[in-house]
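This is a predicted model, so every value here is computed, not measured. Along the sequence shown, the residues carry numbers beginning at 1.
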Amino acid sequence: MANFNIDYLVVAGGASGANQHGGGGGAGGLRTSYGSTSGGGASAEPTLSLTTGIAYPLTVGDGGAGVTWINANLAGNNGYDSQLHLIASIGGGGGSSYATQTVPGSGGSGGGGGNQTGGAQSGGSGEPGQGYAGGLGSIGGQANTYPSGGGGGAGGLGGNATYGVGGNGGDGLQNDITVTTTGTGPYYAGGGGSATYTGGGGTPGTGGSGIGGAGKSTNSSGNPGNPQTGSGGGGTNGQYPSGSGGSGVVILRYTTSDANYTTTGISPTETTIGGETILSFTTVGTGSITFTPPFSGTKVTNLVTGFNSGTEDGLKLPSGDDANQPTGVQGMIR
């Protein structure tokens, strides 16, 4: 067995927004060793030291499902965790609705606070080193719009509701683990925007970069967070589903000559950049990955091409009754 270092990006699933002019969903937690910044304003973490021959657990978390008003005002559903070995990212926290009994969820990033008749509701908290808190809901029906707070993102706080305007989702973070040129990588883990009430003509919140789903002021479904980014879903108004959270992602990058790999239960998309291998796990599920030492010997093909009478590479081959044997045997010497 041998040790080697590997870079990673582990993003959990984002949460859904709430119904009834609800708050935006929080983004899934973001942890990375590639680049300069991890979620919640933390510095990038050290590369992960792995050992060949060990099966490491790996999970890609789903986003929280949107919620529909059915004789109840519902908070959004939290997202699901993603994990590689000991690197675990926490699913985002669901947004809060107009109902006083709902509270925003805490998670990788927190859900947006709901509009409350008894006072402004704070957003849910984010996980340190993974994301930010959700925004503050408003007090009562300002201009009859009932705005709520935006969900937090990996790169910024969820926006607070203001007079007649819902809070925007917190921004996500850009990460270059899949590209060659700095500053051209995609964004991950943006928060969901909040909703406002249709009758008052309020302005709903927009989703944070990453990309979180926008909130709604009309009687229609909230926008979902982008899949495979861990972004939060937008809040919705009325009896329509809120936006679901985006699923998470796990991406690994390492020097190709350091190791080979096999997986169980979940498969990556593999690309290469120069002398590095990039494995992108984008399908929700659980499995494991095992790295093996790279082949270092000499592969010898056609050591014996057939059992016919005569001599091949200095070997005396059979003749007579033993001559008609299957061909194509290959030898390998390590």
Side-chain angles (χ1 to χ4, degrees), residues 14-27 63-79 91-107 109-125 133-152 158-162 164-170 191-200 202-205 207 212-225 232-245:
S16 69
N19 65 11
Q20 278 299 83
H21 25 95
V67 295
T68 301
W69 187 93
I70 304 178
N71 298 321
N73 299 325
L74 301 174
N77 290 308
N78 286 7
S96 181
S97 82
Y98 175 71
T100 57
Q101 71 269 23
T102 66
V103 294
S106 296
S109 287
N115 173 276
Q116 303 291 320
T117 56
Q121 186 182 49
S122 298
S125 61
L136 185 74
S138 70
I139 302 174
Q142 296 179 351
N144 197 31
T145 56
Y146 304 97
S148 296
N160 296 331
T162 57
V165 180
N168 295 334
S194 74
T196 58
Y197 176 54
T198 304
T203 303
K216 288 294 183 72
S217 62
T218 57
N219 287 327
S220 58
S221 300
N223 289 331
T236 194
N237 177 66
Q239 301 176 31
Y240 290 81
S242 63
S244 298

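Within the 3.5 Å criterion, the main-chain N or O of Ser97 finds no donor-acceptor partner in the side chain of Gln20. Listed for the Ser16 side chain is a donor-acceptor partner under 3.5 Å among the backbone atoms of Ala65. A donor-acceptor pair is defined here as one N or O able to donate and one able to accept, closer than 3.5 Å; no such pair exists between the side chain of Lys216 and the backbone of Gly222. Distance alone, capped at 3.5 Å, places no donor-acceptor pair between the Ser125 side chain and the Ser106 backbone. Checking side-chain atoms of Ser244 against main-chain N and O of Gly66 turns up a donor-acceptor pair under 3.5 Å. Side-chain N or O atoms of Asn223 include none that pairs as donor or acceptor with a backbone N or O of Gly243 at under 3.5 Å.
Heavy-atom minimum distance, Pro104 versus Gly123: CG-C, 3.9 Å. Summarising the geometry of Gly113 relative to Ser96, their closest heavy-atom pair is C-CB, 4.2 Å, with the distance given to 0.1 Å. The two residues Ser148 and Ala161 come nearest to each other via the heavy atoms O-CB, 3.5 Å. Heavy-atom minimum distance, Ala18 versus Gly95: CB-O, 3.4 Å. Contact record, Gly93 with Asn78: CA-OD1, 3.4 Å, taken as the closest heavy-atom pair. Nearest heavy atom pair, residue Leu74 against residue Thr68, reads CD1-O, 3.6 Å.
With a 4.5 Å cut-off on side-chain heavy atoms, Val67 and Ser242 count as touching. The closest side-chain heavy-atom distance from Val165 to Pro147 is not below 4.5 Å. Two residues are said to be in side-chain contact when any heavy atoms from C-beta on lie closer than 4.5 Å; Asn19 and Asn73 meet this criterion.
Relative ring orientation between Tyr146 and His21 is described as parallel, the plane-to-plane angle staying below 30° on a 0-90° scale split at 30° and 60°.
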Subject >> side-chain contact (heavy atoms from CB on, under 4.5 Å) evaluation trace for Ser217 with Asn237 >> reply: CA-CA 6 Å; Ser217 62; Asn237 177 66; 5.9 Å; no
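Expressed to the nearest 0.5 Å, how far OG of Ser194 lies from CG of Asn168 amounts to 7.5 Å.
A side-chain donor from one of Ser138 and Asn115 sits under 3.5 Å from a side-chain acceptor of the other.
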